[in-house]
Structure formats: C-alpha cells, structure tokens
Amino acid sequence: MGVVPAGTAATAVPATTATAVPASTGRPYVLLSCATSIDGYIDDATQERLLLSNAEDMERIDAVRAGCDAILVGAGTIRADDPRLVVRSARLRAARQAAGLPPSPVKVTMTARGLLDPQARFFTVGDAEKVVYCASPAVDTTTELLAGLATVVDAGDPLDPARVLADLAGRGVGRLMVEGGAAVHAQFLTAGLADELHLVVAPFFVGDRRAPRFVGDGAFPWHPGRRARVAEVRQIGDVVLTRYALSERCAGGVPG
Ligand SMILES: NC(=O)c1ccc[n+]([C@@H]2O[C@H](COP(=O)([O-])OP(=O)(O)OC[C@H]3O[C@@H](n4cnc5c(N)ncnc54)[C@H](OP(=O)(O)O)[C@@H]3O)[C@@H](O)[C@H]2O)c1
C-alpha cells in the first residue's frame, strides 16, 4: 500500500511519495478529527445523526481523508451513525488512483463484543479494504459474522489501541485518521497515541446531558500544567477549526 509521509500535513491532493513508518515510533501518524457543539457535545440524545459540520467543512474533511492511508471509527459510531467513510470527491479519488493508491483509505474499526451489522455502510459502501480489530473472546463469532466483508484481527484481551496501531503499521498504514466516537478518541488521547487533533466547533448548543461529549473522564496528557500547542485556527463558514499539535511529529503547516 502506498503511503503519505508520516507526520506531514494532509494536502488537498494526496502526496505521492512512498515512505515507511518512522522506525522511531513504530506506529502510524495519528490524526484525530471531531466536531462539537459550543457546549462540547458530539451528538444529541436522539436516534438521528446530528449535523455539526457545514458543507465547506465536509469538503475539508474529505481532503484530509484523501490524504490518509486508513480511517478508524469505533463500533459505537458504526452503530449510531452508519457512516460510509469513503472519499466523496471524484477529483480526490482520481488523484489517489493516479498516485497508485486505492480510491479511498482502508476502513478500520475496533470492537470488544463484535456486535456489528454486516449491512452497515462501513462494510457495504466502497471497495476499500476493511479491517476489524476484535478482542480475543469475540474473534470467532465476528469472523463468521463478517466472512467475505472484512479482515478480522485478534487484537488481544483487552484490546489495546497501541497493538492496533502496530498492526496497522505492519499493513503499510503510515497515516491514520481517527473519526471518533467518544470512547475511541478518549483512548487514543489518554494513551498518548495522538499526533494531531482537528476540533471543529459548530455555532450552537445541545444542552442535554444525555448526549455524548467529545471525551469523558480520563487522565489526559494535556492539562493545566501541560498545554497543547495550537497549530492553526481557521474559520470555515459558520464553524471554527482548531488544529492542535499533540506531538513533535505534527508539523506547524497548514493542512488541506
Ligand atoms: N461529532 C463527531 O465528530 C463524531 C464523530 C464520530 C462519532 N460521533 C458520535 O459518537 C457517538 C459514539 O461514540 P461512542 O463512544 O459511543 O462509540 P465509539 O467510540 O465510536 O465506539 C465505542 C465502541 O468501540 C469498541 N471499542 C472501543 N475501544 C475499544 C477497546 N479498547 N477494546 C475493545 N473495543 C473497543 C467497543 O465496541 P463494542 O461495543 O462493539 O464492543 C465500544 O463500545 C455517537 O453518538 C456518534 O454520533 C461524533
């Protein structure tokens, strides 16, 4: 699989340079992406998917996706949102193909219980490879459930995100975009496994404690005594993107 150089900012047209994952880290460059309301919610408490980004920001997200080798969401997000997780722009898909890459990045998820719907768009939309990291006790049932739809990988018990990243590196993934949800973002952040955070704030409140927030409680490496670095702030229509550099691997440059 071709890869974008780890640690470089995503560009509107994916880079063509093939690189290896840096030996110093042994894991892909990890970019977290999330949209919240002004009061920090990532969804409301209804069954409907809450739209936080606007059309222009969706285009930006599409370009960031196109610059990555793989996109990861938790099983909870597949169940709640049924996302497609493909590059939508024909121009960006063509640019990836011209660079010798598949039209869309590999789709990745993590599950302990293996409660995934084989009809979910994660599995049925697009030709991208799908990889499911599953906790050991549920591997057999999940492999049977997703036969022909995804590669199911035994990721231990309990499932360890660092192990997921090491395995993805072994599959040639140099740049990973993590698109949520709350549990997955919290794990990558608290484990110190994130290089960059794209946080978009939509101009409204949810105001309902039953709704999920960006992350829950946890021991985060960034706190009042260790502040994260703001790499960029950008207004995109009626939303604001803040790009936080969470490791020295994050360049200060402006992404797509
Ligand atoms: N605004 C945004 O940018 C955005 C983006 C994405 C999602 N969301 C929202 O986020 C919410 C979903 O978040 P969520 O926290 O419920 O779900 P999530 O983080 O997407 O997924 C959590 C699930 O992933 C699996 N998982 C995660 N870490 C694991 C580990 N270490 N070991 C084993 N399994 C692991 C488990 O699946 P099993 O239960 O199958 O074992 C767990 O229940 C939805 O409301 C969605 O709309 C918002």
[X] side chain vs [Y] backbone, donor-acceptor pair below 3.5 Å:
| X | Y | value |
| --- | --- | --- |
| Asp195 | Arg249 | no |
| Asp82 | Ala120 | no |
| Arg84 | Phe122 | no |

Only counting residues at least two apart or in another chain, list the ones meeting side-chain contact (heavy atoms from CB on, under 4.5 Å) with Glu56.
Asn54, Ile236
Residues at least two apart in sequence or cross-chain that pass side-chain contact (heavy atoms from CB on, under 4.5 Å) with Ala186, listed by chain then number, are Val215
Partners of [X] by side chain to side chain donor-acceptor pair (under 3.5 Å), sequence neighbours excluded?
| X | value |
| --- | --- |
| Asp43 | none |
| Asp117 | none |
| Thr77 | none |
| Arg209 | none |

Tell me, yes or no, whether the heavy-atom count around Asp238 atom CG, taken from other residues, nucleotides or ligands under 6.0 Å, exceeds 12.
yes
Among residues at least two apart in sequence or on other chains, which ones pass salt bridge (charged side-chain N to carboxylate O under 4.0 Å, His left out) with Arg210?
Asp208
Can you run down the side-chain hydrogen bond (donor to acceptor under 3.5 Å, both in side chains) pairs that involve residues 101-116, sequence neighbours left out, and say none if there aren't any?
none
Mind checking whether Leu145 and Pro118 have side chains closer than 4.5 Å, heavy atoms only?
yes
In residues 149-161, what donor-acceptor pairs under 3.5 Å come from side-chain atoms, sequence neighbours left out?
from	atom 1	to	atom 2	distance (Å)
Asp154	OD1	Ser136	OG	2.7
Asp154	OD1	Gly156	N	3.0
Asp160	OD1	Ala162	N	3.0

List, by chain and then residue number, the residues other than Leu50 in its hydrophobic cluster (Ile/Leu/Val/Met/Phe/Trp/Tyr, side-chain heavy atoms under 4.5 Å); write none if there are no others.
Tyr41, Leu52, Phe204, Val206
How does the hydrophobic cluster around Phe205 look, that is, which other residues are in it when side-chain heavy atoms under 4.5 Å mark a link?
Ile38, Val201
Looking only at heavy atoms, which two atoms of Arg93 and Val87 are closest? And how far apart?
NH1-O, 3.0 Å
Cut-off 3.5 Å, side chains only: do Tyr29 and Glu196 have a donor facing an acceptor?
yes
Mind checking what makes ring pair (Phe, Tyr, Trp, His ring centres under 6.0 Å) contact with Phe214, not counting sequence neighbours?
His185
